[in-house]
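Structure first, then comments.
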Number of protein chains: 2
Amino acid sequence: MTLSDATDDLHRLIETRLRRVDQRYTSGRRALVDLLIKEGRPVSIGDIADALPELPRSSAYRHLVDLQSAGVVRRIATSDEFARFELDEHLTEHHHHLICTTCGQVLDVTPSTAFERTVSRQLAGMAAAHGFEPTSHQVDVLGTCTSCAQPAS
Amino acid sequence: MTLSDATDDLHRLIETRLRRVDQRYTSGRRALVDLLIKEGRPVSIGDIADALPELPRSSAYRHLVDLQSAGVVRRIATSDEFARFELDEHLTEHHHHLICTTCGQVLDVTPSTAFERTVSRQLAGMAAAHGFEPTSHQVDVLGTCTSCAQPAS
DNA sequence: CTACTTGCAAATGCTTTGCAGGAGA
DNA sequence: TCTCCTGCAAAGCATTTGCAAGTAG
C-alpha cells in the first residue's frame with residue numbers, strides 16, 4: 001500500500017464520518033484536512049489562513065466546528081490564547097505534544113507502548129480515587145524548541 | 001506548624017516574588033490569591049468574578065498578568081475557550097489535572113513519586129529525540145466527573 | 001427540489017488598554 | 001513624592017452568526 005493509497009483511505013473515512021452527521025466533504029473542507037495531514041502537527045487559525053488564503057476565516061471556523069462534531073478534528077489545549085487543531089487520534093496515532101513556550105509551536109511525539117501502558121494504568125488509578133471516569137489523556141512537555149534555543153545567528 | 005502559619009508563609013513568599021518585579025501585594029491581589037489557595041484547583045475568570053464581585057474584571061485580568069510575571073500564578077491549558085489559572089507549582093505541589101469534558105471543571109491530583117520518575121525520564125528521552133529542551137510537563141486526564149456521571153436526580 | 005455550504009459583513013463576548021484619581025513605601 | 005495600583009469606559013481582537021446566493025445529491 002502506497003502513501004497516497006493510505007491518504008485516500010483516510011479521505012474516504014473522513015467522508016463517511018461527515019456523512020454520518022449529514023455533512024458533505026466539500027473542496028474547502030478537503031483543503032483544510034489536507035493541510036492538517038500535511039502539517040502533521042496542531043495548527044492555529046492563523047496557520048490555516050496563511051496556508052489557504054482563499055479560504056475565508058469564517059469558513060475555516062465553521063469547517064473546524066463541523067469536522068469536530070464529525071469526530072475528524074480535535075481542538076487541543078494550548079498554553080497561549082490561540083486555538084489549535086489537529087486530526088483526531090482515531091485517524092492518526094495516539095501521541096503527545098512538545099510545546100515551545102517561546103514561539104508557541106507544537107510538535108507531535110509518539111510514545112512507546114511501554115510508556116503508554118504505565119501512564120494509562122497510573123492515571124486510571126488516580127482518576128478512580130476521585131470517582132472520575134477517564135476517557136483519554138494528554139501529555140504535554142513544555143520547553144524550548146530547537147529554533148528558539150539557537151542564539152540569533 | 002499550623003495550617004495558617006503555612007498560609008502566612010505562602011503569602012510572604014508571594015509578596016517577595018512580587019517585590020522582585022517591583023510590584024506590591026495589595027488587598028485586591030491578596031483576595032485573588034486567597035481564592036486560588038481556597039479553591040485549590042484552576043479557576044476561570046468567571047469563577048473569580050462570582051467569588052469576588054467587588055473586584056472589577058479588568059483588575060482581575062491585570063492582577064493575573066502581574067501574578068504570572070511574578071511567577072505566582074500559572075495559566076493552564078484547557079480544552080474549552082475559558083482561560084483558567086492556578087497557583088504556580090513552586091508554591092504548591094506538582095500535580096496533574098482531571099478535566100471533565102462535560103462541565104469543564106478541573107480537579108487537581110498529585111501523582112506518586114514513582115509515576116513522576118517514570119514519566120519524567122521517558123518524556124526527557126522523547127524531547128531529546130527532537131532536540132527539544134524540556135522545562136516541565138503537564139498531564140491531563142479527560143473524562144467525566146462524579147457530578148456529571150450522576151443521572152439527573 | 002431540498003438541504004447543506006459559503007462569503008460577506010455585522011455582531012458577540014472575552015480580554016486589553018488609556019486615562020485620571022488613589023494608595024503604598 | 002515617586003511609582004505602582006485601580007476603576008471605568010472604550011477599544012481590540014478572535015470567534016460566531018444572519019442572510020442570501022451557491023451547490024451537492
Side-chain angles (χ1 to χ4, degrees), chain A residues 11-12 14-35 42-86 104 106, chain B residues 11-12 14-35 42-85 104:
Chain A
H11 283 301
R12 270 190 289 277
I14 289 170
E15 180 161 20
T16 304
R17 293 206 177 188
L18 282 168
R19 285 253 174 78
R20 249 185 236 160
V21 288
D22 296 313
Q23 307 244 310
R24 294 161 189 162
Y25 199 24
T26 61
S27 60
R29 288 173 182 178
R30 179 154 175 149
L32 188 39
V33 168
D34 274 329
L35 176 62
V43 300
S44 64
I45 289 284
D47 295 333
I48 295 170
D50 289 345
L52 307 172
E54 74 287 358
L55 183 70
R57 280 175 124 87
S58 63
S59 293
Y61 278 111
R62 269 199 275 233
H63 290 334
L64 288 169
V65 168
D66 296 336
L67 290 167
Q68 279 181 91
S69 58
V72 172
V73 159
R74 189 170 76 98
R75 175 188 191 142
I76 69 160
T78 52
S79 41
D80 60 33
E81 78 254 49
F82 300 106
R84 280 166 192 273
F85 304 85
E86 67 179 4
V106 184
Chain B
H11 283 302
R12 270 189 289 276
I14 289 169
E15 180 162 20
T16 304
R17 292 207 177 188
L18 282 168
R19 285 253 174 79
R20 252 187 234 158
V21 288
D22 295 314
Q23 306 247 310
R24 294 160 191 163
Y25 199 24
T26 61
S27 59
R29 289 174 180 178
R30 178 154 175 149
L32 188 39
V33 168
D34 274 328
L35 176 64
V43 301
S44 64
I45 289 284
D47 295 334
I48 294 170
D50 290 345
L52 307 171
E54 75 286 358
L55 183 70
R57 280 174 124 86
S58 62
S59 294
Y61 278 112
R62 269 198 275 232
H63 290 333
L64 288 169
V65 169
D66 295 335
L67 290 168
Q68 279 180 91
S69 58
V72 172
V73 160
R74 189 169 77 99
R75 174 188 191 141
I76 68 160
T78 53
S79 42
D80 60 32
E81 78 253 48
F82 299 107
R84 280 166 192 275
F85 304 84

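We name chains A, B, ... by the order of the sequence lines, and we start the count at 1 in each one.
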Whole angstrom value for the distance that separates C1' of dA14(D) from CZ of Arg75(A):
10 Å

Over how many whole Å does the gap from Arg57(A) atom CZ to dT6(C) atom C1' extend?
17 Å

Residues that Ser44(A) engages under side chain to side chain donor-acceptor pair (under 3.5 Å), provided they are two or more places apart
Asp47(A)

Chi angles and distances behind the side chain to side chain contact (heavy atoms under 4.5 Å, CB included) call for Gln68(A), Phe85(A):
CA-CA 9 Å; Gln68(A) 279 181 91; Phe85(A) 304 85; 3.6 Å; yes

Which residues pass the side chain to side chain contact (heavy atoms under 4.5 Å, CB included) test with Gln23(A), not counting sequence neighbours?
Leu18(A), Val21(A), Arg29(A), Asp66(A)

Between P of dC5(D) and CG of Leu55(B), the distance in whole Å
14 Å

Leu52(A) CG to dG7(C) P, straight-line distance once rounded to whole Å
11 Å

Mind running a 4.0 Å heavy-atom check of residues 63-72 of chain B against DNA chain D and sending the residues that fall below it, in number order?
His63(B)

For residues 51-62 of chain A, please give each side-chain donor-acceptor pair under 3.5 Å, one per line with the distance, not counting sequence neighbours.
none

Side chain to side chain contact (heavy atoms under 4.5 Å, CB included) filter on Glu86(A), not counting sequence neighbours, yields Pro42(A), Arg74(A), Ile76(A), His95(A), His97(A), Asp108(A)

Contact between Arg75(A) and Arg84(A) at the side-chain level, heavy atoms closer than 4.5 Å - yes or no?
no

Integer-rounded Å distance: dG25(D) C1' and Leu18(A) CG:
15 Å

Non-neighbouring partners of Arg17(A) that pass side chain to side chain donor-acceptor pair (under 3.5 Å), sequence neighbours left out
none

If the condition is side chain to side chain contact (heavy atoms under 4.5 Å, CB included), which residues does Arg12(A) pass it with, not counting sequence neighbours?
Asp8(A), Asp9(A)

Using C1' atoms of five pairs at each end, report the bend of the helix from dC1(C)-dG25(D) to dA25(C)-dT1(D) rounded to 10 degrees.
40°

Pairing residues for Arg24(A) by the side chain to side chain contact (heavy atoms under 4.5 Å, CB included) criterion, not counting sequence neighbours:
Thr26(A)

For nucleotides 17-25 of chain C, 5' to 3', base contacts (B), sugar-phosphate-only contacts (S) and non-contacts (-) with protein non-hydrogen atoms under 4.0 Å give BB----BBS

Choose from dT5(C), dG7(C), dT6(D) the nucleotide whose nearest atom is closest to any side-chain atom of Arg29(B).
dT6(D)

List the residues meeting salt bridge (Lys or Arg N to Asp or Glu O under 4.0 Å) with Arg30(A), not counting sequence neighbours, and say none if there are none.
Asp34(A)

For Arg20(A), what residues pass the side chain to side chain donor-acceptor pair (under 3.5 Å) criterion, not counting sequence neighbours?
none

